[in-house]
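Down below is the structure, laid out as structure tokens.
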There are 2 protein chains.
Amino acid sequence: MAERRKFRREGEERRRQDLIEATLDCVAENGIEGATVRAIALRAGVTAGLIRHYFPAKEDLLQAAYATIVERMTAQALASLDGTGKTPAARLGAFVAANLTAPIVDARVFSLWAGFIGRAHADPALSAVHRDGYIGFRDRLEHLIAETFASAGRTADAGRLRRHAIAVNAIIDGLWIEGCMAGDLFETGELAAIGIASVERVLGIDMGGENA
Amino acid sequence: MAERRKFRREGEERRRQDLIEATLDCVAENGIEGATVRAIALRAGVTAGLIRHYFPAKEDLLQAAYATIVERMTAQALASLDGTGKTPAARLGAFVAANLTAPIVDARVFSLWAGFIGRAHADPALSAVHRDGYIGFRDRLEHLIAETFASAGRTADAGRLRRHAIAVNAIIDGLWIEGCMAGDLFETGELAAIGIASVERVLGIDMGGENA
DNA sequence: GGGCTTGTTATGCAAGCGTATAAATACGGC
DNA sequence: GCCGTATTTATACGCTTGCATAACAAGCCC
């Protein structure tokens, strides 16, 4: 009668990570409103009360979860740059392609993104997390474009470089959303091909695409 | 003591529209989770119970509200095509510019879009409304591009035309999002200029932009 | 191996949610 | 001017939510 549940004491960082992962699962499956304290706890295999032991309030958990997903996406994108010995143009091309292929183009990731974005307007902290991610991404893009131009012997003033980064960022974002929301409307690799071709034309460079 | 509240009987369509408008206000201000039955009723100036007299369930109201906003955005975009006597290229340019300027680039509209998108994954009906809007928009774009090509004496097979529409749609979407979320990072008209220049380069046409 | 710390569970609470239902009232037809 | 009807209000119910608190036990220290 009334047997108390057994449990293990996990390391602090491990538990925090588990809770964040459970939160992401919940948001991805049922939207942000599906991420209730009880649902998260159930998925993490703990009881609801424990959450408050690691996060002062639910909002803090959501924030941490969003920061995690932003960070993860960024890392995956940057990983595509790891190949050494490539030309700057090839690196830029790989970067664009990576952002338009699985696992970055993924319904689950989009579900997370959308869920958090919807909440960002009401929550300045989430909004800040997002803006940091956006600016970081665009800066990285601008850097890649600058390198590509330099290696091609082309010059571009700061303003032009900035506008190029904005445009390329828009192409990636727009195609990413299209792919995530309506992946079934595109063939494998089609979005990446369109993205590369578009970026080539916008920047007036050759990244080895087939100019689809 | 216990004075019952006075009220007026409004026409059915008028009440429905008021409730939808109130719903949009709530979603825009506090996200979709801020759109509770009571909050909506308060803003519409009625009591909560009335909502169920016009909509079987809250979900039906949300659906109607989303359909309304999608329809409204589409109408605004199409209105930019109304000018007669323009060349197809100029019409396409006007269309792109309109989608990258107020009132379409607007934090409130984006807030609505994001709120509903976040819920779309959990609600197939909302998802269907969105997809219809997306495909309709892309088709319109493809049509404009085809006209522009035709008037320039260029030919393009169906596949190429489709890919062009996908790319231009991505540019518009991506820049739209950037503008809505971080409008303060851009000067007035900058996004429209970048959009037009990018579309010109991607399509290889001249729409009268300054090729920023 | 006994005691202490603290990670963890269990239980409870007040508030808010969507929905149901009955009473009241505005207003067109006569 | 009254009646009937359908719009609108009022009230309540059952459920879920986030959060608080007290009891408990796991694992480290000595």
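The structure presented is a predicted model; accordingly, all values stated were derived computationally and were not measured.
To the nearest angstrom, P of C/dT8 lies 10 Å from CG of A/Asp18. Note: NZ (A/Lys58) to C1' (D/dT16) measures 11 Å, nearest angstrom. In this structure, A/Ile51 places its CD1 atom 12 Å from P of D/dT17, rounding to the nearest Å. Between A/Arg52 atom CZ and C/dA10 atom P there is a gap of 18 Å when expressed in whole angstrom units. Atoms CD1 (A/Ile40) and P (D/dC19) sit 11 Å apart, rounded to a whole Å. Computed from coordinates, the A/Leu19 CG to C/dT9 P distance equals 10 Å when rounded to whole Å. Following rounding to the nearest Å, B/Arg14 (CZ) and C/dC27 (P) show an atom-to-atom distance of 14 Å. Summarising the geometry, the separation between CD on A/Glu13 and P on C/dG7 is reported as 13 Å, rounded to the nearest angstrom.
Within the 4.0 angstrom heavy-atom criterion, only backbone atoms of the sugar-phosphate kind lie near A/Ala57; the bases stay farther away. Looking at heavy-atom distances under 4.0 Å, A/Glu10 makes contact with sugar-phosphate atoms alone, never a base. Residue-level contact check: B/Phe55 touches neither bases nor backbone, having no heavy atom under 4.0 Å from any strand.
The CD1 atom of B/Ile166 sits 12.5 Å away from atom CD1 of B/Ile171, with the distance rounded to the nearest 0.5 Å.
In this view, A/Glu142 satisfies the side chain to side chain donor-acceptor pair (under 3.5 Å) rule with no residue, not counting sequence neighbours.
Taking only side-chain nitrogens and oxygens, B/Arg15 comes nearer than 4.0 Å to OP1 or OP2 of D/dT8. For the OP1/OP2 pair of D/dT8 and a distance below 4.0 Å, the side-chain nitrogens and oxygens of B/His53 include no atom meeting the criterion. Between C/dT8 and A/Tyr54, a contact under 4.0 Å exists linking OP1 or OP2 to a side-chain N or O.
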Atom pairs and distances, donor-acceptor, side-chain atoms in residues 53-61 of chain A, under 3.5 Å, two or more places apart:
unit_1: A/Lys58; atom_1: NZ; unit_2: A/Ala35; atom_2: O; d: 3.0
unit_1: A/Asp60; atom_1: OD2; unit_2: A/Ala57; atom_2: N; d: 3.1

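With a 6.0 Å radius and a threshold of 12 heavy atoms from other residues, nucleotides or ligands, B/Arg162 has its CZ atom above the threshold. When the shell of 6.0 Å around CD of A/Glu10 is examined, it contains more than 12 heavy atoms from other residues, nucleotides or ligands.
Between B/His130 and B/Tyr66, the ring planes lie parallel to each other; the angle is under 30°, not in the 30° to 60° tilted range.
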Walk me through it: do A/Val105 and A/Phe110 pass the test side-chain contact (heavy atoms from CB on, under 4.5 Å)? CA-CA 8 Å; A/Val105 171; A/Phe110 179 76; over 6 Å; no
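Counting distance only, with no hydrogens placed and no angle test, the side-chain atoms of A/Arg38 and the base atoms of D/dG18 include a donor-acceptor pair under 3.5 Å.
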Measure all distances between protein nitrogen or oxygen atoms and nitrogen or oxygen atoms of nucleotides 25-30 of chain D, and list the pairs falling under 3.5 Å.
unit_1: D/dA26; atom_1: N3; unit_2: A/Arg9; atom_2: NH1; d: 2.1

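Toward the 5' end of DNA chain D, the nearer of the two residues B/Thr47 and A/Glu59, judged by each one's closest nucleotide, is B/Thr47.
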